[in-house]
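We're numbering straight along the sequence, starting at 1.
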Amino acid sequence: MNGAASSGAETHWRALESLYASAPVNGQFASALEVTGEGTARITFDVTEDCFHAAGAAHGTIYFKMLDDAAFYAANTLVTDRFLLTTSFNLHFSKPVRDGKVVAEGRWVSGRRRVFVAESRLVDAEGEEIGRGTGTFMKSRIPLSSLAGYQG
């Protein structure tokens, strides 16, 4: 990537991070997005008791949110003009998590026109995988530039 392209990509990536931080739903969670490169994103998340189901571990909705967000933002690094929408998401739980820092790592897999496929995995504080997922995302009619949180 040349300097100008790199600078444009970096601007887009930082704007996506700003968009994530501005979403009202993310105010409910101790989480942060970092776009780590083209087609990759990482979300760090603190699992606390307020995320638990009745048996004392993180509820599956938390797994879905982290996996979906990481895959979504990994895919949206490739699209600079439109907001993507999740059209389907498949997830697998491999281990419960009770507390601590969890990292969701997202990676674009395929698609560059209208439909994108990305995958993500969750890793607990001990470095063990606790879940993974694959999603499909499509371009919406919503321009990224129309979203107040997108500072690009």
Check whether [X] reaches the backbone of [Y] with its side chain - one donor and one acceptor, N or O, closer than 3.5 Å.
| X | Y | value |
| --- | --- | --- |
| Ser120 | Gly106 | no |
| Trp13 | Ala15 | no |
| Arg82 | Arg141 | yes |
| Gln151 | Ala148 | yes |
| Ser140 | Leu85 | no |
| Ser31 | Phe45 | no |
| Arg14 | Val35 | yes |
| Asn26 | Ala21 | no |
| Ser18 | Gly149 | yes |

Just by distance, with hydrogens left out, do [X] and [Y] show a side-chain donor and acceptor under 3.5 Å apart?
| X | Y | result |
| --- | --- | --- |
| Thr86 | Asp68 | yes |
| His12 | Tyr150 | yes |
| Tyr73 | Thr40 | no |
| Lys139 | Asn76 | no |

For this session: Could you go through the side-chain contact (heavy atoms from CB on, under 4.5 Å) check for Leu78 and Phe116 one step at a time?
Result: CA-CA 9 Å; Leu78 302 168; Phe116 299 78; 4.3 Å; yes
Problem set entry | Stepwise side-chain contact (heavy atoms from CB on, under 4.5 Å) check, Lys95 with Glu129 | CA-CA 8 Å; Lys95 179 183 171 192; Glu129 185 175 290; over 6 Å; no
Please answer: with hydrophobic residues joined when any side-chain heavy atoms are less than 4.5 Å apart, are [X] and [Y] in the same cluster?
| X | Y | value |
| --- | --- | --- |
| Ile142 | Leu19 | yes |
| Leu84 | Val109 | no |
| Ile130 | Phe29 | yes |
| Leu144 | Met138 | no |
| Val47 | Val103 | no |

On a heavy-atom basis, which atom in [X] and which in [Y] lie closest, and how many Å separate them?
| X | Y | result |
| --- | --- | --- |
| Ala58 | Phe52 | N-CD1, 3.8 Å |
| Ser94 | Gly131 | OG-N, 3.3 Å |
| Gly60 | Phe93 | CA-CE2, 3.7 Å |
| Gly133 | Leu67 | N-CD2, 4.0 Å |
| Tyr63 | Pro96 | OH-CA, 3.3 Å |
| Phe89 | Ala71 | CE1-CB, 4.0 Å |

Problem set entry | Atom CZ of Arg112: over 12 foreign heavy atoms under 6.0 Å | yes
Look up atom [atom1] in [X] and atom [atom2] in [Y], then write down how far apart they are to the nearest 0.5 Å.
| X | Y | atom1 | atom2 | result |
| --- | --- | --- | --- | --- |
| Thr134 | Arg107 | OG1 | CZ | 9.0 Å |
| Leu33 | Arg42 | CG | CZ | 10.0 Å |
| Cys51 | Arg98 | SG | CZ | 14.0 Å |
| Thr87 | Arg114 | OG1 | CZ | 9.5 Å |
| Met66 | Thr61 | CE | OG1 | 9.0 Å |

For this session: Please assess Asp50 against Gln28 for the test side-chain contact (heavy atoms from CB on, under 4.5 Å), listing each intermediate value before the final yes or no.
Result: CA-CA 10 Å; Asp50 58 335; Gln28 299 177 40; over 6 Å; no
For this session: Verify side-chain contact (heavy atoms from CB on, under 4.5 Å) between Leu122 and Arg132, making sure each step is shown before the conclusion.
Result: CA-CA 6 Å; Leu122 289 177; Arg132 67 174 42 241; over 6 Å; no
Exercise. Is the shortest heavy-atom distance from the side chain of Lys65 to the side chain of Val25 under 4.5 Å?
Worked result: yes
Problem set entry | Aromatic ring proximity, centroids under 6.0 angstrom, Phe83 and Phe72 | yes
